[in-house]
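Please read all numbers here as calculations on a predicted model, not as lab measurements. Within every chain, numbering begins at 1; the chains are lettered A, B, ... in the order of the sequence lines, protein sequences first and strands thereafter.
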Amino acid sequence: MQFATWNVNSLKVRLPQVLDWLASRPELTALALQETKLEDHNFPQAEIEAAGFHVVYAGQKTYNGVAIISRVPIDEVVVNIPGFDDPQKRVITATIAGVRFICAYIPNGQALDSDKYPYKLGWLEALTAWLKTELLQHPQLILAGDYNIAPEDRDVHDITKWEGGVLVSPAEREAFGKLVALGLTDAFRAFEQPEKSFTWWDYRMLGFRRNAGLRIDHLLVTATLAAKLTACEIDKEPRKNERPSDHTPVLAVFGD
DNA sequence: ATGGCAGGGCACCCCTGA
């Protein structure tokens with residue numbers, strides 16, 4: 001069983017790369033996508049199904065948009081955070097192979113003095129409250145997505161450049177800590193990993209070539225699943241493509 | 001040095017991302 005997350009920064013542009021990556025990963029069970037940037041009537045459902053996959057999605061024009069692609073049937077689909085009034089399409093959840101798989105595109109926040117920053121913190125609170133109830137029903141749960149939070153300084157290429165900004169602020173890291181405190185494990189940190197492991201690199205200033213990146217895409221898993229984890233890997237290959245997404249996939253592998 | 005790149009919408013420039 002393998003689950004992955006990838007912010008594709010426009011599925012319209014990246015669909016061929018997504019299908020190529022899925023073909024290169026035949027053991028992958030399901031993939032969570034963020035920033036599809038497609039309204040539902042434009043979503044490439046037929047192409048994805050023609051390639052042999054199941055898919056569910058929730059999108060809007062220009063911004064945000066999430067989807068889950070799966071090799072096995074998808075059940076119990078929920079869009080957005082129940083009880084939280086938000087016009088932005090940032091969450092889709094489904095049960096796949098007995099796992100409650102949540103695909104989330106957590107707000108960026110833009111800047112500490114922006115209106116988008118309190119929106120981000122409130123959004124994280126709502127997510128955490130809802131997760132509490134989900135966890136009561138689903139011992140096997142994965143919260144996968146673009147968190148827009150670098151949890152620790154080692155998740156940042158140069159902390160002096162980011163300190164005092166969004167993605168690394170104490171309040172955001174505390175919100176990440178509250179998710180972990182629900183009993184979740186950061187799958188990537190469950191293993192020895194290379195130093196300077198990142199999932200996003202700025203398009204500008206040769207960010208990828210200089211490995212000037214951040215680790216902001218994560219899979220948090222319940223204890224039941226953490227016990228089955230055998231690996232967690234950032235796959236940097238898609239970031240080397242022509243016209244790459246600025247994010248690259250992260251993959252968690254589970255045994256029996 | 002606050003810029004640099006990319007995508008989308010819309011109109012030839014602006015917004016957002018991280």
Interatomic distance, [X] atom [atom1] to [Y] atom [atom2] [nearest 0.5 angstrom]:
X: T5(A); Y: L33(A); atom1: OG1; atom2: CG; answer: 7.5 Å
X: Q2(A); Y: C232(A); atom1: CD; atom2: SG; answer: 10.5 Å
X: E27(A); Y: L251(A); atom1: CD; atom2: CG; answer: 10.5 Å

Please tell me which of R243(A) and Q88(A) maps to the more 5' nucleotide of DNA chain B, matching each residue to the nucleotide holding its nearest heavy atom.
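Between the two, 5'-proximity favours R243(A).
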Taking the nucleotide of DNA chain B with the nearest heavy atom to each, does V166(A) or N9(A) sit closer to the 5' end?
N9(A)
Pairs satisfying ring-ring contact (aromatic ring centres under 6.0 Å, His included), at least one member in residues 207-234 of chain A, at least two apart:
Y147(A)-H218(A), F176(A)-H218(A), W201(A)-F208(A)
Between [N] and [M], how far is it from one [atom1] atom to the other, in whole Å?
N: dA18(B); M: dA6(B); atom1: C1'; value: 12 Å
N: dG17(B); M: dG4(B); atom1: C1'; value: 14 Å
N: dG3(B); M: dT16(B); atom1: P; value: 15 Å
N: dT2(B); M: dA11(B); atom1: C1'; value: 27 Å

Under a 3.5 Å distance rule, please check whether T222(A) uses its side chain to pair with a backbone N or O of L184(A) as donor and acceptor.
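Not a single qualifying donor-acceptor pair exists.
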Reckon [X] touches a base, only the sugar-phosphate, or nothing at all at heavy-atom distances under 4.0 Å?
X: N7(A); answer: sugar-phosphate
X: I216(A); answer: sugar-phosphate
X: H247(A); answer: sugar-phosphate
X: Y105(A); answer: sugar-phosphate

Residues that [X] engages under side-chain hydrogen bond (donor to acceptor under 3.5 Å, both in side chains), provided they are two or more places apart:
X: R239(A); value: none
X: N9(A); value: K37(A), Y203(A)
X: R14(A); value: none
X: D153(A); value: R173(A)

Non-neighbouring partners of R243(A) that pass salt bridge (charged side-chain N to carboxylate O under 4.0 Å, His left out), sequence neighbours left out:
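In terms of salt bridge (charged side-chain N to carboxylate O under 4.0 Å, His left out), with neighbours along the sequence ignored, R243(A) is linked to no residue.
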Taking salt bridge (charged side-chain N to carboxylate O under 4.0 Å, His left out) as the test, write out the residues that go with K89(A), two or more places apart.
none
Is there a residue in [range] whose heavy atoms reach under 4.0 Å of DNA chain B, and which residues are they?
range: residues 109-121 of chain A; value: Q110(A), K116(A)
range: residues 55-66 of chain A; value: K61(A), T62(A), Y63(A)
range: residues 197-204 of chain A; value: W200(A), Y203(A), R204(A)

Can you pull the side-chain hydrogen bond (donor to acceptor under 3.5 Å, both in side chains) pairs that have at least one residue in residues 68-85 of chain A, sequence neighbours excluded?
E76(A)-T95(A)
Single-linkage hydrophobic cluster V180(A)~L135(A), side-chain heavy atoms < 4.5 angstrom:
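Both belong to a single hydrophobic cluster.
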Go through DNA chain B in 5' to 3' direction and return only the first and the last nucleotide with some atom under 4.0 Å of chain A's heavy atoms.
dG4(B) to dA18(B)
Under 4.0 Å between a side-chain nitrogen and a carboxylate oxygen: does that hold for E195(A) and R154(A)?
no
